[in-house]
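Here the structure comes first, spelled out in structure tokens, and everything after it is commentary.
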Amino acid sequence: MCACAINIMKIAREIQVWWREEKAIVKIIPSEDEILDVCILSKVNNGGSKIKFFQTLVHLLKGNIGTGLLGLPLAVKNAGIVVGPISLLIMGIIAVHCMDILVKCSHHLSTKKPFMDYGDAMQYGLEVGPIPFLRRHSIWGRWIVDLFLIITQLGFCCVYFVFLTDNVKQVVQAANGTTTNCNYNETVVLSPTFDSRLYMLCFLPFITLLVFIRNLKYLAPWSLAANVAMLISLIMIYQYIGIHYPVTLPYEASFKTYPLFFGTAIFAFEGIGVVLPLENKMQKPRSFRTVLFLGMIIVTVLYISLGTIGYLQFGDNIGASITLNLPNCWLYQAVKLLYSFGIFITYAVQFYVPAEILVPLAVSRVSERWMLAVDLLCRTGLVILTCLLAILIPELDLVISLVGSISSSALALILPPILEIFAFYSDGLPWWAIAKNIIISIIGFVGFVTGTYVSIQEIVLRNSIKNTLNFTASGIL
């Protein structure tokens, strides 16, 4: 997931150069290799070492599996027990095809630049396209990709605040009723506790201290620990689900909730940004398509299985994250806390990129004496921003769907088909290929519009209901 952040480093370097021309002192922006090493923990160094087939496969899996996976059972509920898995399969096929398109376009445009990222491919694709205006303004292609990647990174940080709050709050509420028996469900009386927004404010100082770690090499071991914690938690979740499940579930859900399914599903398939950096680091780049197809088959099977079995297991009671449905025994309370620890550490990695773009602009305006203070102040401000956005939308499923609809749909579905039409324009694409690309982009755009609209509509509706209930409760008291 976090490896998609690599693609927005170019804009940071452009800003850096501009400020140097103004004789400003700007902190050095990290290289794409450094970001990739921390985000996926590869052992590649700046000396040009390459990664092998299995390492690339592991990194591809890590780049695609994140918090969206845990929300897929609810996504299947929003689509139906039959329509949901079929839709996940179709979306997986389309997403992999779009990743393959990106790889083929980068190969076709390699005369422009040997090693490309997503933004490079989009920029050079517009340069050789059929529209003179876009050829003259091809840099807009990079800016568009960078914009959606920045939205994605900040969106991830907001999702992490809500995820941490929901899971830790549930553990605290059920603490007095937690048992050692995980084999059957017991009705647990939840203890009253703080509002979710207060939990977010409690996490705020700890996350702020975490992002004060400004050196990537110090984040790497913590990121490794986070990956191990989330892997153990995921294994335990699979071990639990499938024990029993209801069989009378709707085959298809209401059309009104399908856009929520789309947003969550495309949020899960958001690893397109990792594709080109990984291919560039392979010992044998010609084998990358094999890695891509094998890895995404594993990811798609994982998504469909967890989404379907999770919904079958918990039915209409499925939560925004499947961790919220785990039994209140110490083992699975520990699973929630383990996954929460992984998300807590991952926040710092996701946060690193927007911080390293924005913080140097402020630091360059002050004297050396105040550089550290301004640096920390800016980081604090950015964390507060993501916390405030999470406080405004404290609904995990809706935040995931909104971020997926806005940014992931553009990166994974809308832009790659357009890129292929432009990149291969001079070679002449067959009519069926152009038609196919247009259809995929239209699907992505429709999902973008409807998913965003329904997510915002549901956010407003839930807030209205909560305000009404709070007003009624205060009137009774």
Side-chain angles (χ1 to χ4, degrees), residues 1 66-68 70-71 74-75 78 147-170 172-173 193-208 210-211 257 259-260 262-264 266-267 270 319-321 323-324 340 343-344 346-348 350-351 353-355 358 377-410 448-474:
M1 168 172 56
T67 51
L70 302 181
L74 181 59
N78 288 328
L147 172 64
F148 283 115
L149 286 171
I150 291 174
I151 293 174
T152 300
Q153 296 302 114
L154 294 178
F156 289 159
C157 292
C158 295
V159 168
Y160 293 165
F161 257 111
V162 183
F163 182 91
L164 285 169
T165 295
D166 287 353
N167 283 270
V168 174
K169 180 181 179 181
Q170 189 184 73
V172 173
Q173 285 179 320
T193 184
F194 303 118
D195 183 84
S196 296
R197 295 171 175 86
L198 293 179
Y199 273 88
M200 294 181 191
L201 293 178
C202 290
F203 282 120
L204 181 60
F206 297 102
I207 292 179
T208 302
L210 180 67
V211 302
T257 61
L260 296 176
F262 176 89
T264 304
I266 201 61
F267 180 93
E270 45 71 33
S321 168
T323 55
L324 300 176
S340 297
I343 292 300
F344 174 76
T346 305
Y347 182 103
Q350 299 290 356
F351 177 86
V353 173
L358 300 175
L377 183 62
C378 290
R379 290 173 182 272
T380 303
L382 288 174
V383 175
I384 292 174
L385 174 63
T386 59
C387 181
L388 290 177
L389 291 174
I391 288 174
L392 291 174
I393 316 174
E395 306 289 344
L396 180 60
D397 56 326
L398 297 183
V399 176
I400 290 176
S401 180
L402 182 62
V403 174
S405 299
I406 292 176
S407 57
S408 299
S409 60
F448 171 89
V449 174
T450 59
T452 303
Y453 174 78
V454 173
S455 297
I456 294 176
Q457 186 182 52
E458 283 295 313
I459 289 169
V460 173
L461 178 62
R462 290 192 192 179
N463 283 336
S464 299
I465 294 174
K466 284 185 176 181
N467 292 335
T468 301
L469 293 175
N470 291 336
F471 178 79
T472 304
S474 61

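Heavy-atom basis, side chains included; hydrogens, waters and symmetry copies ignored.
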Quiz item: Could you give the distance from CG (L385) to OG1 (T380), rounded to the nearest 0.5 Å?
Solution: 12.5 Å

Exercise. Look up atom OG in S464 and atom CD1 in I459, then write down how far apart they are to the nearest 0.5 Å.
Key: 11.5 Å

Exercise. Specify the closest pair of heavy atoms between P259 and S405, including all atoms of both residues, with the distance to one decimal.
Key: O-OG, 4.5 Å

Quiz item: Side chains of N167 and S340: donor-acceptor distance under 3.5 Å anywhere?
Solution: no

Quiz item: Nearest heavy-atom pair of L324 and A320: which atoms, and what distance?
Solution: CD1-N, 4.3 Å

Quiz item: Knowing that exactly one of T386, D166, I391 qualifies, which makes a side-chain contact (heavy atoms from CB on, under 4.5 Å) with F161?
Solution: T386

Practice problem: Step by step, work out the side-chain contact (heavy atoms from CB on, under 4.5 Å) result for L147 and I151. | Solution: CA-CA 6 Å; L147 172 64; I151 293 174; 4.2 Å; yes

Quiz item: Hey, which of V162, I456, V399, V159 is the one that makes side-chain contact (heavy atoms from CB on, under 4.5 Å) with I393?
Solution: V399

Quiz prompt | Separation of L164 CG from I207 CD1 (nearest 0.5 Å) | solution = 5.5 Å

Exercise. Looking only at non-hydrogen atoms, find the nearest pair between T346 and Y160 and report the distance.
Key: CG2-OH, 3.7 Å

Quiz item: Which atom names give the shortest non-hydrogen contact between R379 and V211, and what distance separates them?
Solution: NH1-O, 3.2 Å

Self-check item: Closest non-hydrogen atom pair between V383 and T208, with its separation
Solution: CG1-OG1, 3.7 Å

Quiz item: Quick one: CZ on F344 to CG on L210, what's the gap to the nearest 0.5 Å?
Solution: 4.5 Å

Quiz item: Can you find a heavy atom in the side chain of V454 that is under 4.5 Å from one in the side chain of F262?
Solution: no

Quiz item: Atom CG in L398, atom CD in Q457: separation rounded to 0.5 Å?
Solution: 11.0 Å

Quiz item: Quick one: CG on L392 to CG on N463, what's the gap to the nearest 0.5 Å?
Solution: 8.5 Å

Self-check item: Ring centres under 6.0 angstrom apart (F163, F156)
Solution: no

Exercise. Kindly give the heavy-atom pair with the smallest separation between I406 and F148, and that separation in Å.
Key: O-CE2, 3.5 Å

Practice problem: Check each of L74, L260, I266 against S401 using the side-chain contact (heavy atoms from CB on, under 4.5 Å) test, and report the only one that passes. | Solution: L260

